[in-house]
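Note that these values count all heavy atoms, side chains included, but never hydrogens, waters or copies made by symmetry. Chain naming here is simple, since letters A, B, ... match the order of the sequence lines and numbering starts at 1 in each.
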Amino acid sequence: MINRLSPFLAVMLVVGYAFLYGPIASLVVYSFNASRLVTVWAGFSTHWYVELMHNEAIQRAALISLEIAVIAATGALLLGTAAGYALQRYRRFRGRALFGTLAIAPLVLPEVITGLSLLLLFVALEQAVGWPQGRGVPTIAIAHITLGTAYVAVVVEARLAAFDRSLEEAALDLGARPFKVFLVITLPLIAPALAAGWLLAFTLSLDDLVIASFTSGPSSTTLPMVIFSSVRLGVSPQINALATLFLVTVAVLVTLAGRLMNRPEPKS
Amino acid sequence: MTATAAARPSAAAAHLRIEAVVKRFAPDAAAAVDGVSLDIAPGEFFALLGPSGCGKTTLLRLLAGFETPDEGRILIAGADMAGVPPYRRPVNMMFQSYALFPHLTVAQNVGFGLKQDRLPKREREARVAAMLDLVKLGRLAQRKPHQLSGGERQRVALARALAQEPKLVLLDEPLAALDRKLREETRFELVRIQHRVGITFLMVTHDQEEAMSMASRIAVMSQGRIVQLGTPQEIYETPANRFVADFIGGVNLLEGRVLRAHDGLIEIDSAEAGAILVVEHPVLAAGSTVAIAVRPEKIVFAPPAAAANRLEARVRGLAYRGEASTYEVELASGKLLRVTQVNAVRQAPAYAAGDSISLGFAPGAAVVLAP
Amino acid sequence: MSAAMRRRAVLALPYAWLTLFFLVPFMIVLKISLAESVIGIPPYTALLATDGWQLHVSGESYRRLASDDLYALAYLNAIKFAGVSTVFCLLLGYPLAYGIVRAPRRWRSLLLLLVILPFWTSFLIRVYAWIGLLSGNGVINNTLLALGLVHQPLTLLNNAFAIYVGIVYSYLPFMVLPLYAQLEKLDPALLEAAADLGCRPWRAFCRVTLPLSLPGIAAGALLVFIPAVGEFVIPDLLGGPNTLMIGKVLWDEFFANHDWPMAASVAVAMLAVLILPMGFIRRLLQGETA
C-alpha cells in the first residue's frame with residue numbers, strides 16, 4: 001500500500017521519459033522528411049538516407065571511428081580489467097590511493113582537460129623521443145584507451161565487489177592454481193561485466209568529439225568531428241538520417257545484450 | 001584412485017597436528033586464534049564448537065591455507081604446511097555457502113578437483129559417478145547448481161570435497177543453511193558417509209546439539225582459545241568451567257562455601273540455595289568458594305523427604321515444548337532455576353505458575369566448576 | 001609465482017599506462033601553463049633554456065587569467081550553469097528514480113534500461129536534436145505558432161535557456177542511476193514502520209527516505225556538476241557564439257588563438273576548482289567497496 005507508485009510519481013515518470021525520448025523521436029521523424037528544412041514537414045522520403053550512402057566523407061570518417069573504437073575498447077578492456085581487479089582485490093599496496101585516483105579520474109574529468117593534456121604529452125614525447133610522429137589514429141586510440149580504462153575498471157570493480165570470494169577459494173582448495181582459478185572461475189562469472197565494459201568503452205570512443213579533436217591529425221577525422229563541423233553550419237537532414245541509423249544500431253545491440261544477460265542468472 | 005594415490009596417500013595416514021597457532025588480523029588487534037594446539041587422529045570426526053567470533057572459522061581457514069598463521073605450526077600427515085598454498089594442500093573444504101560454481105554442472109563441480117589433478121577422463125568420470133552415488137545424486141549430474149534444492153546443493157558440496165580423497169575434510173557449518181528437519185536427517189547421513197570413506201572430518205559449528213550428535217571429539221572454543229577438549233559426554237557432563245557449562249545446553253549455577261569433605265562428597269553451604277548441598281567431588285579444601293552446575297533435566301520434582309539437596313520453591317512459569325516442559329522456579333533466596341521434565345503422559349503439565357513445590361537433585365547429578 | 005609477483009604483474013600495465021597517459025600529461029599542462037606563447041612549433045617557450053640551467057618561468061598567462069574579466073566571467077558562468085543545471089537534474093531525476101523503484105517489479109528493469117539507453121547513443125546527436133526542437137522555425141515554435149499560443153517565434157536557441165536544457169537533458173542519466181541504486185536499497189519496511197508510528201507519507205519521505213538517499217544525491221550531483229563545468233559541446237552548439245563558459249574558452253584559446261600556454265593555464269585553474277568535488281566523488285564511488 002505505502003510502497004506503491006503514487007499518482008505524482010506516475011506523472012513524473014511520464015514527464016521524465018517524454019523529456020528523454022521526445023528529442024530523439026523528433027530526430028527520427030524528421031530524418032524521413034522530404035524537405036531540406038528539417039523542421040517543416042513536407043512528406044515522407046528516404047531521400048536523405050540515399051544521400052548519406054553517397055557521402056564519402058562521412059563513410060571514411062565512420063570507418064576511422066570504428067577502427068579506433070575497436071582498438072580502444074579492446075585495450076581498455078585489458079587495462080581496465082587489471083585495474084578493477086587490483087582495486088577490488090589488493091587492499092594494500094604502495095601508491096594505492098594514487099592508483100585509485102588515476103583509475104577513476106578520467107571518468108569525471110572535463111574532456112577538454114583530458115584532451116588538452118594528452119595532446120601536450122604527445123607533442124612533448126615527439127620532441128623528446130621522436131614518437132609519435134604527428135598525430136592520427138594511434139594517438140586518438142591511446143587517448144580513448146585511457147578514457148575507457150576508467151569505465152571498464154569501475155564496471156569490473158563493482159562486479160567483483162558482488163562476487164562470492166568463496167568460489168575462488170573453493171577452486172584453490174580443489175587444487176587449481178591462482179591463474180587457472182582466474183581463467184575458469186572468475187573470468188566466466190564476470191564475463192557479462194566485461195562485455196558491458198567493452199561495449200561502454202566502444203561507444204564512448206565512437207561518440208567522443210572533444211578528446212579526438214585535440215589528439216587527431218590531418219588524416220584522422222573521426223565521425224563525431226564530421227558531424228560536429230556539419231552541425232555547426234546548421235541543421236542537416238543527412239545528420240538526422242545518420243543519427244537514426246546510429247540509434248537503431250544501438251537499440252538492436254542493447255536489446256541483444258539484454259537478452260543475453262537476462263538468461264536465467266546462475267546463482268550459487 | 002590410482003593417479004591420485006601417489007600425490008595423496010591413503011586417508012589412513014592422515015593426522016592433523018596444530019602447534020601453538022596464533023593469528024592476528026591487525027598488529028594491535030586481539031588474536032583471532034590465540035595459541036591453539038590440537039592433535040586429531042586419522043578417521044576422527046572432530047568438531048570445533050563455539051559462538052560466532054570465537055576463532056573457529058579462522059582456524060579452519062588457516063588449515064585450508066587461506067590464511068597464514070603468525071605463530072605456530074600446522075602439520076598434516078607429518079608435513080609442515082608453512083608456505084604450502086591452498087591448491088597444494090591435501091585438504092578439501094566444504095564451504096558454509098557451499099561455493100558451488102554456478103556456471104558448471106553438478107558433475108563438473110564434483111570433478112573439478114580431479115581435473116586439476118589431471119586424472120584421465122575415464123577415471124574421472126568413474127570417480128564422479130561414485131561420489132554422486134555416495135551422496136545419492138546420480139540422477140542430477142547434468143543439472144546446474146541453481147536448479148537444485150538446498151539439501152541437494154549441500155550434498156554436491158560434500159561430494160566435491162570428498163572426490164580428491166583428501167587426508168582431511170574441513171566442514172564449515174555444513175548444516176547451517178538447511179531447515180531444521182532436513183538438518184536433523186542430514187546429521188546421520190554425514191556420519192554414515194564419513195564412516196564409509198574413512199576420511200578425517202573437521203567440522204566447525206556453533207550448534208552444540210549438532211557437535212554432540214555427530215562428532216567423536218569436540219573442542220570448545222572461546223575468544224581464540226580452546227577452553228575444553230573431550231568427548232561429547234565429557235563436555236556435557238563435566239564441563240570444565242562456566243563458559244562451557246553455559247554454552248553447552250542450559251545449566252543452573254549455585255554458589256556457596258565448602259564446609260567439609262568426606263567419602264568423596266563435599267558439603268557446600270549455599271545461601272542462594274538456602275540449604276547445605278551435597279555434591280560428589282574427590283577433595284576440596286574447606287572454606288573455599290565454589291560454584292556447582294546442575295543441568296535442568298537432572299533436577300526432579302517432589303523428591304523423597306530424606307533425599308539430599310531438597311529445596312523448596314515456587315513455580316514462576318513454564319514453557320511447554322511438546323516432548324518436555326521447562327519450568328522456571330524461584331527459591332526462597334530469589335534465585336531462579338530451570339527444571340526440565342519429560343512429558344511422559346498425555347495429561348497437562350503437573351504444575352502451574354504459583355504452585356509451591358519441592359525439588360532436588362542427586363549428589364552425582366551436579367558438577368563442581370573450576371573457579 | 002608468488003602472491004607478491006602476481007600482484008605486480010596485474011598492476012604493472014594499468015599503473016604504467018595511467019601514469020604515462022594521465023598523470024604525466026598533467027605535469028606537462030602545468031609546465032606549459034608557465035611557458036610563454038610564441039609563434040613556432042610547438043608554440044611555447046621551453047622552461048629550461050638550451051643555453052644553461054636558467055629556469056624561464058613566465059607567469060604571463062596566469063596574469064592574464066587574473067586580470068582579464070573574460071576569464072573570471074567564464075568561470076563564474078560555467079559554475080552557475082553547471083550548478084543550476086545540477087539542481088534541475090535533481091528535481092527531475094529524483095522523482096524519476098523514485099518512480100522506477102516504486103514501479104511494478106516486472107517493469108523496473110525496462111524502465112531502468114530506458115534511462116540508460118540514451119547514454120549509449122551519441123551525446124553529440126542528442127545535443128543536435130535540441131537544435132531542431134528549439135530553433136526559430138523549430139518543432140516547438142512551430143507547434144506553439146500553430147496552436148496560436150504565441151504570435152512571434154520565441155527565442156529558445158543560442159541563449160542560457162538552451163544551455164540549461166542541453167545540460168539537464170544530457171546529464172540526467174548520471175543523476176538517475178546513483179539515485180536509483182541508493183533508493184532501491186531502501187528497505188520498504190522502514191516506510192511502513194514510519195507510517196505505523198504515525199508519520200504521514202510526505203513527512204515519512206522527508207524524515208526517512210530523503211536522509212537515507214543523501215549519498216545517492218551527492219554522487220548524482222557531482223557526476224553532473226563536474227563534467228558540466230568543463231562542458232564544451234553544449235555551449236558551443238546551443239549557447240550561440242557569445243556564450244562564455246570556461247570549457248569553450250579553453251577550446252577557443254587552443255584552436256582559434258593557438259595560445260597553448262593560455263589554454264593550459266585555463267585547464268590548471270579549472271582543475272583547481274574541480275579537485276575538491278573530484279576527490280569527493282572518488283570517495284563516494286570507491287568508498288562503497290572499500
Exercise for the section: Give, for atom NZ of A/Lys180 and atom NZ of B/Lys115, the distance between the pair rounded to the nearest 0.5 Å. Expected result: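 Between A/Lys180 NZ and B/Lys115 NZ, I get 7.0 Å after rounding to 0.5 Å.
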[X] and [Y]: which non-hydrogen atoms are nearest, and at how many Å?
X	Y	result
B/Tyr87	A/Pro178	CE2-CD, 3.2 Å
B/Val91	A/Asp173	O-OD1, 3.3 Å
B/Gln116	A/Gly175	CB-O, 3.6 Å
A/Leu189	B/His103	CD2-ND1, 3.6 Å

Practice task
Decide if atom CZ of B/Arg183 counts as having more than 12 heavy atoms of other residues, nucleotides or ligands within a radius under 6.0 Å.
Solution key: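 Enclosed.
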Exercise for the section: Determine whether more than 12 heavy atoms belonging to other residues, nucleotides or ligands lie under 6.0 Å from atom CZ of A/Phe179. Expected result: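 Open.
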Exercise for the section: Decide yes or no on side-chain contact (heavy atoms from CB on, under 4.5 Å) for B/Phe112 and A/Ile185, but give the supporting numbers first. Expected result: CA-CA 11 Å; B/Phe112 189 91; A/Ile185 303 296; 3.8 Å; yes
Exercise for the section: Would you check, one step at a time, whether the test side-chain contact (heavy atoms from CB on, under 4.5 Å) holds for A/Leu167 with B/Phe95? Expected result: CA-CA 9 Å; A/Leu167 292 174; B/Phe95 289 77; over 6 Å; no
Handout entry: Heavy-atom proximity to chain A below 4.5 Å, by part of B/Arg160
Key =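 When you check distances to chain A, atoms from both the backbone and side chain of B/Arg160 fall under 4.5 Å.
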Fill in the blank from the handout: Cut-off 4.5 Å, heavy atoms of chain B, and the answer for A/Val184 is both
Handout entry: Criterion side-chain contact (heavy atoms from CB on, under 4.5 Å) on B/Met93 and A/Glu169, from CA distance to verdict
Key = CA-CA 9 Å; B/Met93 180 143 160; A/Glu169 288 180 346; 5.9 Å; no
